[in-house]
Student: 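Handing you this structure, nothing more for now.
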Amino acid sequence: MIGYVEIAIIFVTVGLSVYLYFKRSYSYWKKRKVPYIEPRIPWGIKENPLRPTKSLLMQMKEFYNEFKAKDYAFGGLYFLTSPVLLLVEPELIKKVLSKDFPYFTSHGIHVDEEKEPISGNLFSLDGEKWRNMRIKLTPTFTSGKIKTMYHTMLKCGEPMIEHISSLSTNGKPLNCKEVLACFTTDVIGSCAFGVECNSFKDPDADFRRHGRELFKLTWRSNLSRFINLLFPKLKLPTINKETRQFFCDTFSNIVTHRKKTDIRRDDFVQLMLEINKKAEANGSNDSLNVGQMTAQSIMFFAAGFETSSTTMTFCLHELAHNLDIQERLRNEINATMQKYDGKLTYDGILEMKYLNMVIDETLRKYPAGSLLHRVCTKDYTIEETGTKIQAGTRVFVSILGLQRDPEYFPNPDKFDPERFSDENKRKIRSFTYLPFGEGPRICIGLRFGVLQAKLGLCLLLKNFIFTPHKSL
Ligand code: HEM
């Protein structure tokens, strides 16, 4: 029989061992003479990821500010007991993302294509596999290919305008985020897979419902994301089973059906099938199997609808509060449409300079992907300080920190599209404006994302005037 004293000794011993383990782990940055944010047991960072009062992205911006205020080029953090390096100085960021990219090729996501084919998507792959997939997919995202999708995109705008018109005549407020997510879901569904998602007819239609699930934040998904950052091999699910199954089944059925029937459409699935036809004709083994195509399709869907709809939502928020900017943009849209026989054309959208400035400024103040994430794949030495980054160390860049840094963007909370006029744009310091990342892993869907955001805004502004709801 174990008595109270023995139980107490076990508790004290276990408690002390855990404490000493944390203490030892938390000496990592100190030993390397790297400045660091004082860690807290057990999460390392201040916030509890189960009940955060601030998002991880906002916390990273605050850490960036703390290091920057002390003039540090980089600084250390801890996630639980794992060390993470946060970069601050743009020259160093340039080296990691671009010049010395071979040391930082990975996004640090565990891939197991055999057990989990959808893990083999471009965003998650690294090393040679990533490079090969990137080379195969790059031709899918050229301006020429995106242009062929423009008319499909434009058609998806019609139900959005009908939907808002029905609400605005009733004087009801508009939930911009939801409406724009319906629009981008319909766009990505049609342009990527030739599927009509019908998000406006039925707000609970499958694609919209499961799309919402993909980005739902719950304590469980927060914790899984946090733990996956530390232990990628665990690959804890961040989305529910039903949603995952829906996307796997739907996309693999689409790809298989297209392969069988040889139906042609101007969409991403078609472009992936053409990669295969070319590979067969050349006798190369560059083709994509159904699992690989399904993996890319799910990633296009997830990456494609949320980023652009968030960007448009923030843009409308600023335009509603800055009616002079809204009016100037509307005038540009109307003038350009007049030039093109009253039509909203692809060429017209590309010509609109002020629209470009407004989008650039929105992506500065509200970058949809606020944190860049790399894992060091080979030991690397920071030349200036001689600091060694060990292989396996996570390296972060806070886009939000850089883009709201008053040194690079004076008065950073002011929404000011003039920062991106031809003259001012040239003065922006390189590697301080990174809404799409930089270097070889820069966002592959940049053109597509910007085009759908620009089109959505033009459709809205030519039809409606936006003002803040009284609650804002
Ligand atoms: C406004 C819209 C968008 C924003 C702000 C955005 C932002 C980003 C950012 C910050 C990254 C990380 C880059 C890095 O690690 O250096 C990224 C990567 C990526 N994005 Fe986007 N994105 C947008 C739209 C899209 C669209 C529409 C697609 C696809 C249809 C897409 C597909 C991807 C993919 C596949 C990657 C990973 C690329 C790689 O690792 O090689 N994105 N995006």
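Counting starts at 1 for both ligands and their atoms, following the listed order. Just so it is clear, the model here is predicted, and its values are computed rather than measured.
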Student: Return the closest protein heavy atom for atom 36 (C) of ligand 1 as residue, atom name and distance.
Tutor: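 For this ligand atom, the closest protein heavy atom is F123 CD1, 3.7 Å.
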Student: My understanding is that only residues two or more places apart in sequence, or in another chain, count here; which of them pass side chain to side chain donor-acceptor pair (under 3.5 Å) with T387?
Tutor: T385
Student: Among F200, F246, F193, which residue satisfies the ring pair (Phe, Tyr, Trp, His ring centres under 6.0 Å) criterion with F207?
Tutor: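 The ring pair (Phe, Tyr, Trp, His ring centres under 6.0 Å) with F207 is passed solely by F246 among F200, F246, F193.
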Student: Could an N or O of ligand 1 be found under 3.5 Å from any N or O of R374, whether backbone or side chain?
Tutor: yes
Student: Would you mind running through ligand 1 and noting each atom that sits below 4.0 Å from a heavy atom of I444?
Tutor: 34 (C), 35 (C)
Student: Would you name the heavy atoms of T377 and P102 that are closest together and state the gap between them?
Tutor: OG1-O, 3.5 Å
Student: Kindly give the heavy-atom pair with the smallest separation between L125 and R441, and that separation in Å.
Tutor: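 Looking at all heavy atoms of both residues, the closest pair is O-NH2, 2.9 Å.
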Student: Nearest heavy-atom pair of A453 and I359: which atoms, and what distance?
Tutor: CB-CD1, 4.2 Å
Student: Run the salt bridge (charged side-chain N to carboxylate O under 4.0 Å, His left out) test against E162 and tell me which residues pass, sequence neighbours left out.
Tutor: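 Here no residue qualifies.
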Student: Run down the list S106, A303, S124, S297 and name the one with the heavy atom closest to atom 25 (C) of ligand 1.
Tutor: A303
Student: For ligand 1, note which part of P435 has a heavy atom under 4.0 Å away: side chain, backbone, both or neither.
Tutor: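 The backbone, only.
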Student: Could an N or O of ligand 1 be found under 3.5 Å from any N or O of R441, whether backbone or side chain?
Tutor: yes
Student: Could you tell me which atoms of ligand 1, counted from 1 in the order shown, lie closer than 4.0 angstrom to a heavy atom of G437?
Tutor: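 Result: 10 (C), 13 (C), 16 (O).
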Student: Any idea which protein heavy atom is nearest atom 24 (C) of ligand 1, and the distance to it?
Tutor: T307 OG1, 3.4 Å
Student: Find all atoms of ligand 1 within a distance of less than 4.0 Å from any non-hydrogen atom belonging to F448, and give their numbers and elements.
Tutor: 27 (C)
Student: Considering non-hydrogen atoms of the protein only, which is the closest contact for atom 6 (C) of ligand 1, and what is the distance?
Tutor: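 Of the protein heavy atoms, F436 CD2, 3.7 Å lies nearest.
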Student: Any side-chain heavy atom of F123 sitting closer than 4.5 Å to one from Q296?
Tutor: no
Student: Could you report the tightest heavy-atom contact between F183 and G456, atom names first, then the distance?
Tutor: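 Smallest interatomic distance, heavy atoms only, reads CE2-CA, 3.6 Å.
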Student: Looking only at distances, please establish whether an N/O atom of ligand 1 is found under 3.5 Å from an N/O atom of T311.
Tutor: no
Student: Which atom pair, heavy atoms only, marks the closest approach of F431 to S98?
Tutor: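 Taking F431 first and S98 second, the nearest heavy atoms are CZ-CB, 4.0 Å.
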Student: What protein heavy atom sits nearest atom 28 (C) of ligand 1, and how far off is it?
Tutor: G445 CA, 3.6 Å
Student: Identify, by atom number and element, the atoms of ligand 1 in contact range of L372, meaning under 4.0 Å from any of its heavy atoms.
Tutor: 10 (C), 12 (C), 13 (C), 14 (C), 15 (O), 16 (O)
Student: Could you check whether atom NZ of K427 has more than 12 heavy atoms from other residues, nucleotides or ligands sitting under 6.0 Å from it?
Tutor: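 Atom NZ in K427 is crowded, with more than 12 foreign heavy atoms closer than 6.0 Å.
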Student: Grab the two heavy atoms, one from L459 and one from G157, that are nearest each other, plus how far apart they are.
Tutor: CD1-CA, 3.6 Å
Student: If we only count N/O pairs under 3.5 Å, is S308 in contact with ligand 1?
Tutor: no
Student: Which atoms of ligand 1 have any heavy atom of M299 under 4.0 Å away?
Tutor: 35 (C)
Student: Which ligand 1 atoms, with their elements, are less than 4.0 angstrom from a heavy-atom of G304?
Tutor: 26 (C), 27 (C)
Student: Output the list of atoms in ligand 1 that are nearer than 4.0 Å to some heavy atom of W130, sorted by atom number.
Tutor: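 Numbered from 1, ligand 1 contributes 39 (C), 40 (O), 41 (O).
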Student: For atom 42 (N) of ligand 1, what's the nearest protein heavy atom and its distance?
Tutor: C443 SG, 3.0 Å
Student: Below a 4.0 angstrom heavy-atom separation, can you tell me which part of H107, side chain or backbone, both or neither, approaches ligand 1?
Tutor: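 For H107, the contact with ligand 1 is made by the side chain alone.
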Student: Kindly check if the number of other-residue, nucleotide or ligand heavy atoms within 6.0 Å of CD (E196) is above 12?
Tutor: no
Student: Is the closest basic N to carboxylate O distance between K54 and E62 below 4.0 Å?
Tutor: yes
Student: Can you check whether R134 has an N/O within less than 3.5 Å of an N/O in ligand 1?
Tutor: yes
Student: So if I count the atoms of ligand 1 from 1 in the order they appear, which ones are less than 4.0 Å from some heavy atom of E438?
Tutor: 16 (O)
